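Below is one structure, written out as structure tokens, with a few remarks after it.
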Number of protein chains: 2
Amino acid sequence: MMEGPDIARIAALIGDPARANMLAALMSGRALTASELAREAGVTAQTASSHLAKLHAGGLVGTRKQGRHKYFSLATDEVAHLLENLMGIAAGAGHLRTRTGPKDQALRKARVCYSHLAGDLGTQLYDGLMRQGALHLDGSGMGLSDAGETLMRRFGIDLDALKSRRAPLCRECLDWSERRSHLAGSLGRALLSRFEAVGWARRDAASRAVLFSAEGEARFRETFSLPAR
Amino acid sequence: MMEGPDIARIAALIGDPARANMLAALMSGRALTASELAREAGVTAQTASSHLAKLHAGGLVGTRKQGRHKYFSLATDEVAHLLENLMGIAAGAGHLRTRTGPKDQALRKARVCYSHLAGDLGTQLYDGLMRQGALHLDGSGMGLSDAGETLMRRFGIDLDALKSRRAPLCRECLDWSERRSHLAGSLGRALLSRFEAVGWARRDAASRAVLFSAEGEARFRETFSLPAR
DNA sequence: GCAATGCTTCGATTAGCATCGAAGCATGAT
DNA sequence: ATCATGCTTCGATGCTAATCGAAGCATTGC
């Protein structure tokens, strides 16, 4: 006993419903203010402040002060990965909370996972990149092949800027609805924001859903050689 | 708010120190009795019983009654994956920054993750299989190539028996000490038990460590074309 | 049969912590 | 300056849940 790191400490952090709701809200990838998170969790500002302080001390969220606002976001991709993982188990093992409403279906099709694309389209993208050899997974981790780099540059991704950062370019992230991997890392982030920039998709304001237009989805499938739906 | 599955519910389950210790103990892959888990967690039999009932109701552990003993084990590989994931974050963000005691080093080198090989040797095996093309990761998930099947059969793995089961043959699992993937799934399980069967390694009785003999490690590296240490 | 072992249920105690009201402290707007 | 907004600290309250002792069931062994 007592071997390995203190797992209970951070599990307990996530274990409070108010904090869990805050973290789930931060899975949108957007940085949110303390009051927004308070509203999201359904508690008053004071309790939210206390919760956020604990999340910060526990290393799960990062903060940024801007004027009289304080913005919170998930600390790392790994935290997002953990949360997604938790959702998978909660969806499978917990009672069937998955009442597949219409909004729920949109979430399953495409949603934001921290800051990259998840859901059916996210895993399809990942699979497609793997299939055509744009992505590879070898000893040193995951990376882009030459063909992949060309593809990304042609799509308008500034790879040089991404590479100059310390953050890993490619990571995989387990999808809770699909139970398969999708692409995370700074490239995953850049791709999602590019999808928005070129008008293929936009984020739902109220949820984590990513709404592709009909034409946007067609162009998306075409660009990454995915089967037409 | 309230979208997605109830993440707080199971995080809270793991968030209690006693339960977390029990789960960590079950990461050895062995099925343990209620009293063993009570001792492991440092609580009396009554409280342990209460905790285990909750873990069972929450779907995190499975039970098997045998005589007057009740054996507990982790419910699925996904649960093990989640715990390993949690350890990674706890090790990074929490205090207790890896005081590398002598036993700790053994754990880092090779240990049991649920029921397959983790640690340095586990990730090396995974990387080696990937490098030589025995394993591949494509659209439909992870699988063995023909060369990989030959390799496994030659090593004495009964692939047909594994394939006939419903459980996935190959899965990847994120390693908390190495922060990279190692091989899980029924093949991962079979490999570890084969390592023990042919006398290359044995499990430490008191911890999750897997102890390779000098010759065992050499044969291991030779068999899977890993660089000599 | 009786005793022993392993586990569970019951009841009571306790401690921790989530919660909120109110006040304090910044920063920004008028 | 003065007020408003956003966040934090303080103090008090109340609820949840972890804990254990003791008794209750089940199973095994003699």
Side-chain angles (χ1 to χ4, degrees), chain A residues 1-2 6-26 30-75 94, chain B residues 1-2 6-26 30-73 75 94-95:
Chain A
M1 97 184 216
M2 274 305 178
D6 190 0
I7 172 181
R9 191 182 143 78
I10 69 169
L13 274 178
I14 311 177
D16 178 78
R19 286 194 293 261
N21 280 335
M22 292 176 173
L23 291 171
L26 289 176
R30 279 188 280 259
L32 299 176
T33 68
S35 10
E36 286 172 324
L37 288 168
R39 201 168 343 110
E40 200 73 33
V43 294
T44 63
Q46 311 94 297
T47 55
S49 177
S50 155
H51 284 311
L52 289 167
K54 284 173 189 174
L55 288 175
H56 184 59
L60 294 186
V61 305
T63 74
R64 213 180 71 198
K65 243 167 81 174
Q66 208 167 83
R68 55 180 166 185
H69 292 275
K70 194 166 179 183
Y71 286 92
F72 292 84
S73 52
L74 296 187
Chain B
M1 97 186 214
M2 274 306 177
D6 191 358
I7 170 180
R9 191 181 143 78
I10 69 167
L13 274 179
I14 312 177
D16 177 79
R19 287 193 292 262
N21 281 334
M22 292 175 174
L23 291 171
L26 289 175
R30 280 187 280 259
L32 300 176
T33 68
S35 10
E36 285 171 325
L37 288 168
R39 202 167 342 112
E40 201 72 34
V43 294
T44 63
Q46 310 94 299
T47 53
S49 177
S50 154
H51 284 311
L52 289 168
K54 285 173 189 174
L55 287 175
H56 183 59
L60 294 186
V61 304
T63 75
R64 213 182 71 199
K65 243 166 82 173
Q66 207 166 85
R68 55 181 166 186
H69 292 276
K70 194 166 179 185
Y71 286 91
F72 292 85
S73 52
H95 340 168

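Keep in mind the model is a prediction, meaning the values are calculated, not measured. Labels below follow one simple rule: chain letters A, B, ... track the order of the sequence lines, proteins then strands, and each chain is numbered from 1.
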Item to complete: Please report, rounded to the nearest Å, how far the P atom of D/dT8 is from the NE2 atom of A/His56.
Response: 10 Å
Practice prompt. Could you tell me the separation between the CZ atom of A/Arg64 and the P atom of D/dG6, rounded to a whole number of Å?
Written response: 17 Å
Fill in: Protein-nucleotide distance (A/Leu55, atom CG; C/dC17, atom C1'), rounded to Å
14 Å
Discussion item. What is the separation between atom CZ on A/Arg39 and atom C1' on D/dT5, rounded to the nearest whole Å?
Written reply: 13 Å
Worksheet entry | A/Tyr71 OH - D/dG6 P separation (whole Å) | 10 Å
Item to complete: May I have the distance from B/His69 (atom NE2) to D/dG29 (atom C1'), rounded to whole angstrom?
Response: 12 Å
Worksheet entry | Atom pair CG/CG of B/Leu52 and B/Leu60 - distance to nearest 0.5 Å | 11.5 Å
Worksheet entry | A/Ala20 to B/Ala8 - nearest heavy-atom pair and separation | CB-CB, 3.5 Å
Discussion item. Going by the rule side chain to side chain contact (heavy atoms under 4.5 Å, CB included), which residues pair with B/Ala25 if we only count those two or more places apart in sequence or in a different chain?
Written reply: B/Leu32, B/Leu37, B/Glu40
Worksheet item: For A/Thr33, which residues count as a side chain to side chain contact (heavy atoms under 4.5 Å, CB included) partner, sequence neighbours excluded?
Response: A/Ser35, A/Glu36, A/His69, A/Tyr71
Discussion item. Using modelled atom types and a 3.5 Å cut-off, is there a donor and acceptor pairing between side-chain atoms of A/Arg19 and backbone atoms of A/His51?
Written reply: no
Discussion item. Once rounded to the nearest 0.5 Å, what's the spacing between atom CG of A/Leu13 and atom CZ of A/Arg9?
Written reply: 6.5 Å
Just the table, please: protein N/O against nucleotides 12-19 of chain D N/O, every pair under 3.5 Å.
residue, atom, partner, partner atom, Å
D/dA18, OP1, B/Arg19, NH2, 3.0
D/dA18, OP2, B/Lys54, NZ, 2.6
D/dT19, OP2, B/His51, NE2, 2.5

Side-chain donor-acceptor pairs of residues 41-50 of chain B under 3.5 Å, sequence neighbours excluded:
residue, atom, partner, partner atom, Å
B/Thr44, OG1, B/Gln46, OE1, 2.8
B/Thr44, OG1, B/Thr47, OG1, 3.4
B/Thr47, OG1, B/Thr44, N, 3.4
B/Thr47, OG1, B/Thr44, O, 3.0

Fill in: Euclidean distance, A/Ile14 CD1 relative to B/Ile10 CD1, rounded to 0.5 Å
9.5 Å
Give each protein N/O atom lying under 3.5 Å from an N/O atom of nucleotides 22-28 of chain C, with the pair distance.
none

Worksheet item: Which part of the nucleic acid, if any, lies within reach of A/Ala45 when heavy atoms closer than 4.0 Å are counted: base, sugar-phosphate only, or nothing?
Response: base
